[in-house]
Amino acid sequence: MFLVNKMVRFSQTKVLHKLLMVLLLLFCFENVQSQTSIKKLRKEIEIIEHHKNFSPKDTVYLYKLTDLAFSLRYHNWDSVLLLSQKTLKLSKNAGYIEGKGYSYMLLGDYYSDKGRYKKSFEYYHKALAIFKNTKNYTVQVDVSNMIGRAYDYNDEPAKALLEYMECIEICNQKLKGKQKAEMLAMTFSNLGQLYTFYLKDYDQGIYFLNEGKKIDAKIKDYYFYNVALSNLAISYLMKGDLDKAMSYLKPSTVYFEKIEDLEFVLLNYTIKAGVLIKKEKFDEALIWLNKLEKLHQHMQDDKSLVTFYIYKATMYLNDNKLNTADKYAHKAYELSKKIHLNDGIIRSLNTLYLVYKQKGDFDAALKYHEQFQRIKDTILKKENRGNLNALLAKIEFDEKKRKIIQENEMALAKQNRYIVLALIVLWILFCTVFILWKNAKTQEKLNVQLRFEKEKLEKNEIVLREANRTKDKLFSIIGHDLRSPISAFQGLLRLFKLKEIDEDEFVSFVPKLESDLGGISFMLNNLLSWGRSQMNGDTTKPEAIEVKSLVDENINLLSEVADNKSITVTNEIANHVLIWGDVNQIDIVFRNLMNNALKFTANHGVITIGVNQENDTYTFYVKDTGVGMDEEILEKIFTENTTHTTYGTHNEKGTGLGLQLCKEMVQKNNGTIWVESKPNVGSCFYIELPKRQQIYKNAG
């Protein structure tokens, strides 16, 4: 959360470049967030504060407050100061040591942004002491980099370099993995700015910046990768390679515009304006300055505002609008004095000198030029001393680096010996483990095969048991329900053959024989259908079925039975009622239900076949005025593994399979079947089946 981003100082003989350096330092902070993120943080804090168990000592609450303060750094300085003081007080009361450290970091940032570096160092060093004691090495490196950048602001490059050297040592000795990579990338970036802006070693500076960028790419930190591109854009601008600067600036600008990071969008626009001014493309530069002006309305950053005012003054001076140029140059001068920004003072004085010289007011021009020269000489003397110290520090740094490399090489050689020994041991272990693993795999395969064979046998046993059950039921029905009428028929033929009955008597039995044989035929059809269903030999082949014609066919088929009992059978199903199902199976269902209705309806009764339409289904019904059923019978008729047989009104006999067969056939066609009945009133069987178009939708 508190990781500080890679930063590049931007310094050159021309003060314009140094102002850009200051601007970049201000924006290179990881906790840069959009207004949306700030609003989100405020909302989260508000929720915590309104919770019934809220305590100001809650570390999560303090963490959120600190996060908000870091987010507001470039939006509202007053809020940063108030939040920092608040979190410091609350952290002290709560005994939250790291909370105190983060509060000190915030106060250090606040006073650094205000140009009060002595106060800034005081708070940074308090934070550093806390994180050294807690052994939080990541934040320790973070704070050391902050201190180094503060030395940059205060024109003390030698001290800055020593801080960065300390950061590298901590990274190499105390950190690992991604944390080490992030901290090294940040420190390399800071070293890059130091070599570029103070030692004027552009190649070495760009080298360090690229090293940081490579780390960002490796750990897929796209945010900081694009920050590195902005840093390199400024470095190449200083070096004078404007095309190279623009090549790095373009992708970075696209990225920050996409994520709506206003701080870095503002920075990149400022760099672009600087490049265009240096190319003397003033019209294009003015476009970007206008964009900057809109951004500054949403930002609170006086140092970047100084750069903007000087750019505007330069543009109006070039356009010979001297009064407007004078106004912006004075704004830059007054603001620079307020925040102790020497580079801004020098640049604004030089601009004022040029404005009044072009106005022809040479006395005023001379006054500004003398002030400019006096402050510049003071800064140059300080920079010269700083550069000398930086060179000495560089020598010390290079020596330390050489020693570290030498120590690392010795340690590496020692490690290599251990590695060889470890590899031998690992190889032996690997061979042993491989053999054990191979045996385990073989055993596992055998166990899987055994389980498979066992499951297969259990399934076969179930299938065989079901087949035997079906066979027993079939033989039971055949032996009990079919043998009797067939035996009676055989006996009648024997009597006729032995001439114990004459031809007239035999003919008188023909209607009864015909009725019995019809029942036997119907019974055999049901038995065969049920047997195929139980043996999984009866597959469902759905198609569009026109139900009215199917019912009419069954009415014709059963018409003789109906006529014998003077029963009226009415088909109320309309034409073109189409369902989706297996025509043979649906035919068996209707035939059985209609046959049952005829069987249990007394003479002169009425049977009605009709349909009700639902959204996606049709509900067909077969309603009779027959004998009906009581609750006990209703509970049994659809029960699996039972066959409930009842004699009809003319003593018609059945197998008890008809309704069970109907249930199975309806279910195979994605339907349901149920019955409503009252004794001596009649029964109504309902079949719900899917419409044809529903199947089409599912298929699509």
Side-chain angles (χ1 to χ4, degrees), residues 1-5 26-114 119-120 122-124 126-128 130-131 134 136 138-140 142-143 145-146 179 182 186 221 223-224 227 256 258-267 295-302 304:
M1 166 183 164
F2 296 100
L3 175 63
V4 179
N5 188 13
L26 289 174
F27 287 115
C28 299
F29 193 79
E30 182 192 23
N31 202 37
V32 174
Q33 298 187 29
S34 65
Q35 292 291 338
T36 303
S37 298
I38 292 171
K39 289 179 181 177
K40 183 181 177 183
L41 277 170
R42 289 188 189 276
K43 185 66 176 177
E44 290 173 352
I45 290 169
E46 185 179 345
I47 291 171
I48 294 173
E49 289 175 338
H50 286 85
H51 194 274
K52 63 180 180 180
N53 297 324
F54 167 69
S55 169
K57 294 183 179 182
D58 183 5
T59 54
V60 175
Y61 173 65
L62 295 174
Y63 183 94
K64 294 288 183 183
L65 286 177
T66 310
D67 203 3
L68 178 61
F70 274 103
S71 304
L72 289 168
R73 183 175 178 185
Y74 302 113
H75 297 275
N76 192 320
W77 278 338
D78 293 336
S79 295
V80 172
L81 179 60
L82 291 173
L83 282 170
S84 303
Q85 293 170 340
K86 180 178 180 179
T87 56
L88 180 59
K89 182 179 178 181
L90 292 175
S91 296
K92 286 180 178 178
N93 292 337
Y96 181 32
I97 303 301
E98 290 197 342
K100 288 171 58 180
Y102 294 135
S103 300
Y104 287 139
M105 288 169 66
L106 278 166
L107 288 166
D109 286 339
Y110 172 80
Y111 286 108
S112 177
D113 290 343
K114 288 290 187 180
K119 197 77 172 173
S120 175
E122 176 187 337
Y123 284 113
Y124 279 146
K126 283 184 179 181
L128 186 61
I130 285 175
F131 292 114
T134 59
N136 190 333
T138 302
V139 184
Q140 185 180 333
D142 194 359
V143 178
N145 271 282
M146 289 180 176
Q179 287 184 336
E182 290 175 340
M186 177 177 65
D221 196 333
Y223 183 87
F224 293 125
V227 171
F256 289 120
K258 183 178 180 181
I259 66 171
E260 297 181 356
D261 191 323
L262 296 184
E263 290 82 4
F264 267 99
V265 169
L266 187 146
L267 172 63
L295 283 174
H296 274 295
Q297 294 173 4
H298 305 285
M299 307 287 292
Q300 187 179 17
D301 185 354
D302 288 345
S304 65

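All residue numbers refer to positions in the sequence shown, counting from 1.
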Side chains of Leu106 and Leu83: does their closest heavy-atom pair fall under 4.5 Å? no
Just wondering, do Ser71 and Leu41 contact through their side chains at under 4.5 Å, heavy atoms? yes
With side chains defined as the heavy atoms from C-beta onward, is the minimum distance between Gln140 and Leu128 less than 4.5 Å? yes
Over all heavy atoms of both residues, which pair between Tyr111 and Leu81 is shortest? Give the atoms and the distance, please. OH-CD1, 4.3 Å
More than 12 foreign heavy atoms under 6.0 Å from CD of Glu44: is that the case here? yes
Heavy-atom donor-acceptor pair, Thr134 side chain to Phe131 backbone, under 3.5 Å: yes
To check you understand the geometry: which heavy-atom pair defines the closest contact between Leu90 and Pro56, and what is its length? CD2-CB, 3.9 Å
So if I apply the side chain to side chain contact (heavy atoms under 4.5 Å, CB included) rule between Tyr102 and each of Leu107, Thr66, Thr87, which one comes out positive? Thr66
From CA spacing to verdict: side chain to side chain contact (heavy atoms under 4.5 Å, CB included), Tyr110, Lys119: CA-CA 10 Å; Tyr110 172 80; Lys119 197 77 172 173; over 6 Å; no
To the nearest 0.5 angstrom, please state how far the CG atom of Leu68 sits from the NZ atom of Lys39. 13.5 Å
Answer yes or no: is there a side-chain heavy-atom contact under 4.5 Å between Phe256 and Val227? yes
Would you check if Glu98 and Val139 make a side-chain contact, meaning some heavy-atom pair closer than 4.5 Å? no
With the side chain counted from C-beta on, respond yes when Tyr104 and Val143 share a heavy-atom pair under 4.5 Å apart, and no when they do not. no
Ile47 CD1 to Arg42 CZ distance, which is reported to the nearest 0.5 Å: 14.5 Å
So which heavy atom on Lys100 is nearest to which on Ser91, and how close? N-CB, 3.6 Å
Say you draw a straight line from CD1 of Ile130 to CD1 of Ile97; how long is it, rounded to the nearest 0.5 Å? 6.5 Å
Hey, does Val60 have a side-chain heavy atom less than 4.5 Å from the side chain of Ile48? yes
Output for pair (Leu88 CG, Gln85 CD), nearest 0.5 Å, gives 8.5 Å
Flag for Asp58-Tyr63: side-chain donor and acceptor within less than 3.5 Å: no
Would you check if the side chain of Ser84 reaches a backbone N or O of Ser103 as a donor-acceptor pair within less than 3.5 Å? no
Mind checking whether Tyr223 and Ile259 have side chains closer than 4.5 Å, heavy atoms only? yes
Working to the nearest 0.5 angstrom, can you tell me the gap between Met146 CE and Met186 CE? 8.0 Å
Minimum heavy-atom distance Tyr124-Met105, with the two atoms named: CE2-O, 3.7 Å
